[in-house]
Amino acid sequence: MDHNLQSIPAPHFDLEKTLNSGQVFHWTRLGRGFVGALAENLVYLEQAGETIRVTAWHAKAAAHYLALDHPLPEILKTFPVDPVIQTAIQFSEGLRIIRQPQWECLATFLTSPLKQVQHIRAISLAIRKRFGRRLQRDGMEVFSYPRPEQVSGIPLAELLECKLGFRAANLLATAKIVASGEMDLEALRNLSTEDARAALCELPGVGEKIANCVLLFAYDRLDAVPVDVWIARVLNEVYFAGRLKVPLRELKSFAAHYFGSYAGYAQQYLFHHWRLTYRRR
DNA sequence: ATCCAGGATAGCG
DNA sequence: CGCTATCATGGA
């Protein structure tokens with residue numbers, strides 16, 4: 001597995017946490033690293049201290065994908081000094097919010113409602129294996145995510161075999177809109193976060209939460225804050241302790257303001273920490 | 001067995 | 001406008 005790997009510096013970075021924190025769902029452990037598809041290329045990644053070793057030719061793309069240029073120490077300094085977020089930061093040390101390709105990020109989160117992280121992963125891998133392009137290299141094999149043009153042509157019954165349930169119709173309908181050009185995902189880059197969010201919410205199956213996931217994980221909008229059941233749980237149990245039935249809009253407003261201009265990062269650390277340590281009472 | 005999961009949406013008052 | 005029931009599947 002160590003043929004033709006290129007080293008790139010990666011300070012303040014934890015590969016495992018980054019790939020297994022519920023922002024991206026298809027990377028698979030292989031040897032001491034991970035294998036997956038970066039757009040249409042098979043890429044192998046492994047970490048050695050403050051260095052990432054990447055399959056040659058993909059170093060530059062990988063560094064961008066992994067957001068190794070995000071000024072993590074500076075970002076952390078902008079967070080409020082309270083024990084809850086500071087504990088989550090420690091627990092999540094080295095977790096970076098990566099830059100995913102727009103379509104596969106959108107498509108993957110379209111399959112996420114009312115699903116656990118491992119289910120989203122299973123669905124992503126099933127769709128890739130069945131409809132994506134097979135990529136091989138040095139005995140490794142992965143599958144890319146099918147483009148919107150291809151997804152739009154999949155019969156609903158076939159898509160349902162990937163165990164999407166009621167989410168399949170939304171994925172199909174959105175794929176048709178994107179494939180037709182009616183929605184230009186690349187053009188959203190030129191919009192304000194607010195306008196891009198509104199545009200994403202026009203797509204079938206995309207509400208405010210999924211739109212914020214896409215903005216945060218694929219558009220580098222680090223102030224976008226997805227409020228899912230876990231974030232709502234943290235806010236209710238900690239920041240609104242003692243209050244009953246806090247309206248969701250109040251939770252969202254609080255999260256978007258309290259954590260500062262990198263609230264998306266703060267949100268990801270809270271999500272990661274609580275999801276892996278929470279015990280029901 | 002019952003509850004829950006990185007929610008969105010139509011339909012109600 | 002805000003609130004509720006419902007959607008499909010599998011793990012805890």
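Not measured: the values here are computed from a predicted model. So that the names make sense, note that chain A is the first sequence line, chain B the second, and so on, each numbered from 1.
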**Q** Nearest-nucleotide wise, let me know which of A:K163 and A:L114 is further upstream toward the 5' end of DNA chain C.
**A** A:L114

**Q** With DNA chain B as reference, determine whether A:L203 or A:F271 sits nearer its 5' end, using the nearest nucleotide of each.
**A** A:F271

**Q** Would you measure the distance from the P atom in C:dT6 across to the matching atom in B:dC3 and give it in whole Å?
**A** 15 Å

**Q** Could you tell me whether the side chain of A:E104 reaches within less than 4.5 Å of the side chain of A:H26, counting heavy atoms only?
**A** yes

**Q** C1' atom, C:dC7 versus B:dA5: distance in rounded Å?
**A** 14 Å

**Q** To the nearest Å, how far apart are A:L171 CG and C:dT9 C1'?
**A** 16 Å

**Q** Nearest to the side chain of A:Q116 - B:dC4, C:dT9, C:dG2?
**A** B:dC4

**Q** Take atom CZ of A:R121 and atom C1' of C:dG10, then tell me their distance rounded to the nearest Å.
**A** 16 Å

**Q** Identify whether any heavy atom of A:K209 sits under 4.0 Å from a base atom; if not, whether one sits that close to sugar-phosphate; answer base, sugar-phosphate or nothing.
**A** base

**Q** Under 4.0 Å, counting only non-hydrogen atoms across every strand here, what does A:P247 touch: a base, just sugar-phosphate, or nothing?
**A** nothing

**Q** Which is true for A:V206 with a 4.0 Å heavy-atom rule: it touches a base, it touches only sugar-phosphate, or it touches nothing?
**A** sugar-phosphate

**Q** Out of curiosity, A:K129 NZ to A:L125 CG, how far, rounded to the nearest 0.5 Å?
**A** 9.5 Å

**Q** If you assign each of A:P113 and A:H119 to its closest nucleotide in DNA chain C, which residue comes earlier from the 5' end?
**A** A:P113

**Q** Mind checking whether A:Y239 and A:F254 have ring centres under 6.0 Å apart?
**A** yes

**Q** Could you check which of B:dG6, C:dA12, C:dT9 has an atom nearest any side-chain atom of A:F109?
**A** B:dG6

**Q** Verify, without hydrogens or angle tests, whether A:N41 (side chain) and A:V43 (backbone) share a donor-acceptor contact under 3.5 angstrom.
**A** no

**Q** Do any side-chain nitrogens or oxygens of A:R233 fall under 4.0 Å of OP1 or OP2 in B:dA5?
**A** yes

**Q** Between atom CD1 in A:I120 and atom C1' in B:dC4, what is the gap in whole Å?
**A** 13 Å

**Q** Under 4.0 angstrom, heavy atoms only, what part of the nucleic acid is A:I210 near: base, sugar-phosphate, or nothing?
**A** sugar-phosphate

**Q** Considering every strand shown, what is the Watson-Crick or G-U wobble mate of C:dT9 when both distances are under 3.5 Å?
**A** B:dA5

**Q** To the nearest Å, give me how far apart CG (A:L110) and C1' (C:dC7) are.
**A** 15 Å

**Q** Tell me: CD of A:E208 to P of B:dT9, nearest whole Å?
**A** 12 Å

**Q** Assert yes or no for the condition that the ring centre distance of A:H70 to A:Y265 is strictly below 6.0 Å.
**A** yes

**Q** Between atom CZ in A:F166 and atom C1' in B:dA8, what is the gap in whole Å?
**A** 8 Å

**Q** Whole angstroms only, please: what is the CG-C1' distance between A:L160 and C:dT9?
**A** 12 Å

**Q** For the residue pair A:F109 and A:F217, is the inter-centroid distance of their aromatic rings smaller than 6.0 Å?
**A** yes

**Q** Rounded off to whole Å, could you give me the CD1-to-C1' distance for the A:I123 and C:dG10 pair?
**A** 10 Å

**Q** Would you indicate what A:G22 reaches in the nucleic acid, counting non-hydrogen atoms under 4.0 angstrom: base, sugar-phosphate, or nothing?
**A** base

